[in-house]
Amino acid sequence: MDIQFGKRVTLDMRAYTKFCSDLIGLNGNVVINLCKDTLDGGSYGLCWGDVRPVEIIISSRSDDYFLTQEDILRTLGHELVHAKQYLSGNLIPPVDPAGFDTWKGIVYEYAPEEEINMPWEIEAAYLEQEIYSRYLARQQHCE
């Protein structure tokens, strides 16, 4: 596994990335950046799997407020799950942005209003919570 970090990525984010990667078995090339501005649509994070390496960008703010450390780490975990989905071939992005995603061999039409109900998003949301809970438990155990 080869993970590259942008200059704004904090030490906490780097440690969390290692924890997440080990936990989910992430294998491949990933580039992670922390953005100081709001991302499109107020999103907390984005992951692109249509290029190698897979790229992740995490926002440090959304509209008029700064994200908490918890928001940033949870989002990072969520996007790392998407990176694994892309790198494993379970999630294949559309050729054009208005196209169709393929999840485990099944083609899905992209519908922004239904994105939260897509199987890759359901998996990422579940694992985001699981990863963060395990991370907190480890942190408390180490204190």
Side-chain angles (χ1 to χ4, degrees), residues 1-94 97 99-143:
M1 173 179 59
D2 179 32
I3 297 180
Q4 300 168 21
F5 297 101
K7 64 182 178 181
R8 288 191 177 96
V9 176
T10 66
L11 292 176
D12 286 343
M13 290 176 68
R14 291 169 192 242
Y16 193 71
T17 297
K18 169 116 175 68
F19 179 83
C20 293
S21 299
D22 290 346
L23 188 63
I24 66 174
L26 180 63
N27 190 14
N29 295 332
V30 180
V31 174
I32 300 172
N33 283 294
L34 179 64
C35 177
K36 64 180 180 173
D37 296 317
T38 300
L39 298 176
D40 290 340
S43 177
Y44 286 16
L46 299 170
C47 180
W48 294 271
D50 54 348
V51 294
R52 295 294 187 258
V54 171
E55 296 183 39
I56 293 174
I57 187 164
I58 305 296
S59 181
S60 58
R61 60 181 296 140
S62 183
D63 298 322
D64 295 332
Y65 65 92
F66 287 96
L67 274 63
T68 66
Q69 180 72 3
E70 178 181 344
D71 290 335
I72 290 171
L73 294 181
R74 289 174 65 102
T75 302
L76 179 56
H78 184 101
E79 300 307 332
L80 286 165
V81 170
H82 286 317
K84 181 181 180 187
Q85 292 168 341
Y86 285 126
L87 290 166
S88 68
N90 284 336
L91 180 58
I92 301 169
F100 300 87
D101 292 287
T102 303
W103 172 251
K104 296 185 177 180
I106 300 172
V107 176
Y108 291 82
E109 182 174 2
Y110 179 74
E113 66 279 359
E114 289 295 317
E115 184 173 27
I116 195 168
N117 296 318
M118 295 296 165
W120 56 90
E121 287 296 338
I122 292 170
E123 179 180 78
Y126 170 77
L127 289 174
E128 165 193 333
Q129 176 60 41
E130 183 70 20
I131 293 165
Y132 192 72
S133 294
R134 288 187 185 198
Y135 183 74
L136 288 180
R138 189 190 88 174
Q139 295 298 92
Q140 291 171 351
H141 180 72
C142 293
E143 290 178 355

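The first residue in the sequence is number 1, and the count goes up from there.
A donor-acceptor contact shorter than 3.5 Å is absent between the side chain of R8 and the backbone of C35. Judged by distance alone, with hydrogens and angles left aside, the side-chain atoms of S62 form a donor-acceptor pair with the main-chain N or O of G42 at under 3.5 Å.
Among residue pairs with one or both ends in residues 122-133, those qualifying as salt bridge (Lys or Arg N to Asp or Glu O under 4.0 Å) are R74-E128, E130-R134; sequence neighbours excluded. Sorted by first and then second residue, the salt bridge (Lys or Arg N to Asp or Glu O under 4.0 Å) pairs with a member in residues 18-44 read K18-D22; sequence neighbours excluded.
For the atom pair CD1 (I56) and NE2 (H78), the distance works out to 10.5 Å, reported to the nearest 0.5 Å. In this structure, CG in L91 is found 10.5 Å from OH in Y108, a value given to the nearest 0.5 Å. Of the inter-residue distances, the one linking I57 atom CD1 with T75 atom OG1 reads 12.5 Å to the nearest 0.5 angstrom. From E109, atom CD reaches atom CG of D101 across 10.5 Å, with rounding to the nearest 0.5 Å.
No side-chain heavy atom of L76 sits less than 4.5 Å from a side-chain heavy atom of C20. Contact of the Y126 side chain with the I122 side chain is not registered, since no non-hydrogen atoms from C-beta on lie closer than 4.5 Å. Residues I131 and V81 meet the side-chain proximity criterion, which asks for heavy atoms closer than 4.5 Å. With contacts defined as side-chain heavy-atom distances shorter than 4.5 Å, the pair L23/Y135 does not qualify. Contact check for R52 versus L87: side-chain heavy atoms found under the 4.5 Å cut-off.
Classified by interplanar angle (parallel below 30°, tilted 30° to 60°, perpendicular above 60°), the ring pair W103/W120 is tilted. Using cut-offs of 30° and 60° for the angle between ring planes, the Y86 and H82 rings count as tilted.
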side-chain contact (heavy atoms from CB on, under 4.5 Å) between M13 and L73: does it pass, once the steps are laid out? CA-CA 7 Å; M13 290 176 68; L73 294 181; 4.2 Å; yes
Show your reasoning for whether side-chain contact (heavy atoms from CB on, under 4.5 Å) applies to F100 and T102. CA-CA 7 Å; F100 300 87; T102 303; 5.8 Å; no
Check against side chain to side chain donor-acceptor pair (under 3.5 Å), Q129 and S133: CA-CA 6 Å; Q129 176 60 41; S133 294; 2.9 Å; yes
What's the verdict on side-chain contact (heavy atoms from CB on, under 4.5 Å) for F5 and L34, showing C-alpha distance, side-chain angles and the deciding distance? CA-CA 9 Å; F5 297 101; L34 179 64; over 6 Å; no
Evaluate V31 against Q4 for side-chain contact (heavy atoms from CB on, under 4.5 Å), listing each step before the verdict. CA-CA 5 Å; V31 174; Q4 300 168 21; 3.8 Å; yes
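Here the closest heavy-atom approach between residue I58 and residue L39 is recorded as C-CD1, 4.5 Å. Taking both residues in full, the closest heavy atoms of N33 and G6 are given as OD1-CA, 3.1 Å, listed atom of the first, atom of the second, then distance. In terms of heavy-atom proximity, N29 sits nearest to P53 at O-CB, 3.2 Å. Nearest heavy-atom pair, S60 versus I72, reported as atom, atom and distance to 0.1 Å: CA-CD1, 4.3 Å. Nearest heavy-atom pair across L26 and L80 is CD2-CD2, 3.8 Å. The shortest non-hydrogen separation linking Q85 to A124 is NE2-N, 4.3 Å.
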